[in-house]
Amino acid sequence: MVYYLLAGVLSAGITFGLAVVIWKLSNRYRLYPKIRARDVHTRPTPRLGGVAMFIGIGVTVAIASQFSQFHLVFARPGPVLAIFGAALIIVLIGVADDIWDLDWMTKLAGQLIAAGLLAWQGVQLTSIPIVGGVIVLSSYAGLVTTVLIIVLVMNAVNFIDGLDGLVAGVAIIANIVFLIYSWILATSMAQAEYFNLASLLTAVLIGACVGFLPLNWHPARLFMGDAGALLVGLLMATSAISVTGQVDIASLQYTKQLAPAFIPILLPLAVLIVPLLDFALAVIRRLRAGKSPFTADRKHLHHRLLDMGHSHFHAVLIFYAWTAVVSVGCLLFLFVQAVWAITIIAVGLVVCTWFTIAPLTRRKVAEAAVQLAETGDVEQADAARFDPLDEAANQTPAGAHGTSDARAEQDAAVGALVRGDGDAQKRPSQDLPQQKESGTA
């Protein structure tokens, strides 16, 4: 484990140094796109952080290949070269998309080529462990399943890349859990080659995300872009496939009945639960609207958290918490009895749910306060804002409403009240912006 930690530290140092250089060069030569309507940030920000992560990971793995402790990983160079060939394809596609905004078919084609390269070189799912044995996949089924999983995970991770520090932090939490799991498997089974490969990839990916996070923390100075998000997804999927496809449940030598047989399949899903959930909701939402699943919009989970009233920082922490509860909870099955693991997961989910919906609870309190107030104590704009029934009953004819600017000011003032801003709560109702008349008779 010490060598994996060293690899992670080296990857973090190299990535951080390169990220600083890329950030400075990008600002100097204005290598950043215009702000899009769906973006959360308000100032142009470079998106080439994924290049620093890719180089940091590649250099670290090249250095690790010179240590005898990793000789099993590089005994067969084909899979390793395929991984970095696929990573190079993904980074090039991502950089091109960040600069020229490629269409979704071109990006999907590049992802399929990268995933196909991995499967062709043997990094593919050959079996699925289940309780009582394994399901052995044919060569064709294994190749198709592998390609689909890799493309799915890459896009799922890319979909949640909408807030500063979100993907990097989620990846750090999930991959730390997965590194512990892969290490346990490596020490519990006779076969160690693929497990060492998975552990090394996971360790250097953790390091790259740690090295990149200081420049990506809110307010971000550098984004990882599609190149970084797709790279993170690619390596996470590769590690999960390398481990899951090689697990022989009958050979696991756990003591004290610590590991249910479904953990090899459940944990890879658990560490990716947040991006996979966002991906599934986005696909369903867009298909129901008659659009392409890859059509960009501003309705991802992180956008909804902001719209609910969470700050940028709180929204990111909520994503971290959900990821930690689910992934760590699944890992607990290896160390404690199932009833305790389930209890801890349940408590964690309840706490996460409470913090997620807290702004809605505060809004209900504000609604009740406005609706129960005496007539004349609350401005009509506030009553309409918090009581849709009253608003519908008291609708004025067309043309008697205020301007859009006035309405925006009212929404901002009342929104401050919902969020619990001290000044807004103390401000008398007469200080709220008054609705302007349009001038019609």
When the side chains of residues 266-287 are checked against the rest of the protein, which donor-acceptor pairs come out under 3.5 Å, sequence neighbours left out?
from: Asp278; atom 1: OD1; to: Leu301; atom 2: N; distance (Å): 3.1
from: Asp278; atom 1: OD2; to: His300; atom 2: ND1; distance (Å): 3.1
from: Arg285; atom 1: NE; to: Asp297; atom 2: OD2; distance (Å): 3.2
from: Arg285; atom 1: NH1; to: Lys299; atom 2: O; distance (Å): 3.2
from: Arg285; atom 1: NH2; to: Asp297; atom 2: OD1; distance (Å): 3.2
from: Arg285; atom 1: NH2; to: Asp297; atom 2: OD2; distance (Å): 3.1
from: Arg286; atom 1: NE; to: Thr295; atom 2: O; distance (Å): 2.7
from: Arg286; atom 1: NE; to: Asp297; atom 2: OD2; distance (Å): 3.1
from: Arg286; atom 1: NH1; to: Pro293; atom 2: O; distance (Å): 2.7
from: Arg286; atom 1: NH1; to: Thr295; atom 2: O; distance (Å): 3.0
from: Arg286; atom 1: NH2; to: Thr295; atom 2: O; distance (Å): 3.0
from: Arg286; atom 1: NH2; to: Asp297; atom 2: OD1; distance (Å): 3.1
from: Arg286; atom 1: NH2; to: His300; atom 2: NE2; distance (Å): 3.2

List, one per line, each side-chain donor-acceptor pair under 3.5 Å for residues 141-163, sequence neighbours excluded.
from: Thr145; atom 1: OG1; to: Ala141; atom 2: O; distance (Å): 2.7
from: Thr146; atom 1: OG1; to: Leu125; atom 2: N; distance (Å): 2.7
from: Thr146; atom 1: OG1; to: Gly142; atom 2: O; distance (Å): 2.7
from: Asn155; atom 1: ND2; to: Gln111; atom 2: OE1; distance (Å): 2.6
from: Asn155; atom 1: ND2; to: Val151; atom 2: O; distance (Å): 2.8

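Residues that satisfy the side chain to side chain donor-acceptor pair (under 3.5 Å) test with Ser239, not counting sequence neighbours, are Thr202. Applying the ring-ring contact (aromatic ring centres under 6.0 Å, His included) criterion to His218, with sequence neighbours excluded, gives His312. Evaluation of the side chain to side chain donor-acceptor pair (under 3.5 Å) rule for His71 yields no partner, not counting sequence neighbours. Trp23 pairs by the side chain to side chain donor-acceptor pair (under 3.5 Å) definition with nothing, not counting sequence neighbours. With sequence neighbours excluded, the residues satisfying side-chain contact (heavy atoms from CB on, under 4.5 Å) with Ile176 are Ile172, Ile180, Ile206. For the ring-ring contact (aromatic ring centres under 6.0 Å, His included) test, no residue two or more places apart in sequence or in another chain qualifies with Phe74. Looking at residues two or more places apart in sequence or on another chain, you find a side chain to side chain donor-acceptor pair (under 3.5 Å) between Asp103 and Thr106.
No donor-acceptor pair closer than 3.5 Å links the side chain of Asp164 to the backbone N or O of Pro219. Distance alone, capped at 3.5 Å, places no donor-acceptor pair between the His310 side chain and the Pro359 backbone. Judged purely by atom type and a 3.5 angstrom limit, Asn175 uses its side chain to pair as donor or acceptor with the backbone of Ala171. When atom types are taken as modelled, the side chain of Ser182 and the backbone of Ala198 share no donor-acceptor pair closer than 3.5 angstrom. Although no hydrogens or angles enter the test, the distance criterion places a donor-acceptor pair under 3.5 Å between the side chain of Asp98 and the main chain of Asp226. Distance alone, capped at 3.5 Å, is enough to place a donor-acceptor pair between the Ser242 side chain and the Thr238 backbone. Although no hydrogens or angles enter the test, the distance criterion places no donor-acceptor pair under 3.5 Å between the side chain of Ser11 and the main chain of Gly207.
Residue pairs satisfying the ring pair (Phe, Tyr, Trp, His ring centres under 6.0 Å) criterion with at least one member in residues 90-112, sequence neighbours excluded, are listed as follows: Trp104-Phe294. Within the structure, no pair that satisfies the salt bridge (Lys or Arg N to Asp or Glu O under 4.0 Å) test touches residues 212-223, not counting sequence neighbours. Sorted by first and then second residue, the pairs that involve residues 107-121 and meet salt bridge (Lys or Arg N to Asp or Glu O under 4.0 Å), not counting sequence neighbours, are Asp97-Lys107.
Counting heavy atoms from C-beta on, the side chains of Cys209 and Leu205 come closer than 4.5 Å. Side-chain contact between Ile22 and Pro46 is absent, with no heavy-atom pair separated by less than 4.5 Å. Counting only heavy atoms from C-beta outward, the side chains of Phe313 and Trp217 approach each other to under 4.5 Å. Considering only heavy atoms from C-beta on, Pro214 comes within 4.5 Å of Phe16 through its side chain. By the 4.5 Å heavy-atom criterion applied to side chains, Val177 and Tyr181 are not counted as neighbours.
Taken from CG in Leu230 to CG in Leu92, the straight-line distance is 12.0 Å, to the nearest 0.5 Å.
By the neighbour-count criterion of 12 heavy atoms within 6.0 Å, atom CH2 of Trp120 is sparsely surrounded, having that number or fewer from other residues, nucleotides or ligands.
Below 30°, between 30° and 60°, or above 60°: for Phe70 and Tyr3 the angle between ring planes is above 60°, a perpendicular geometry.
In summary, of the residues considered (Val167, Leu305, Thr356), a side-chain contact (heavy atoms from CB on, under 4.5 Å) with Phe319 occurs for Leu305 alone.
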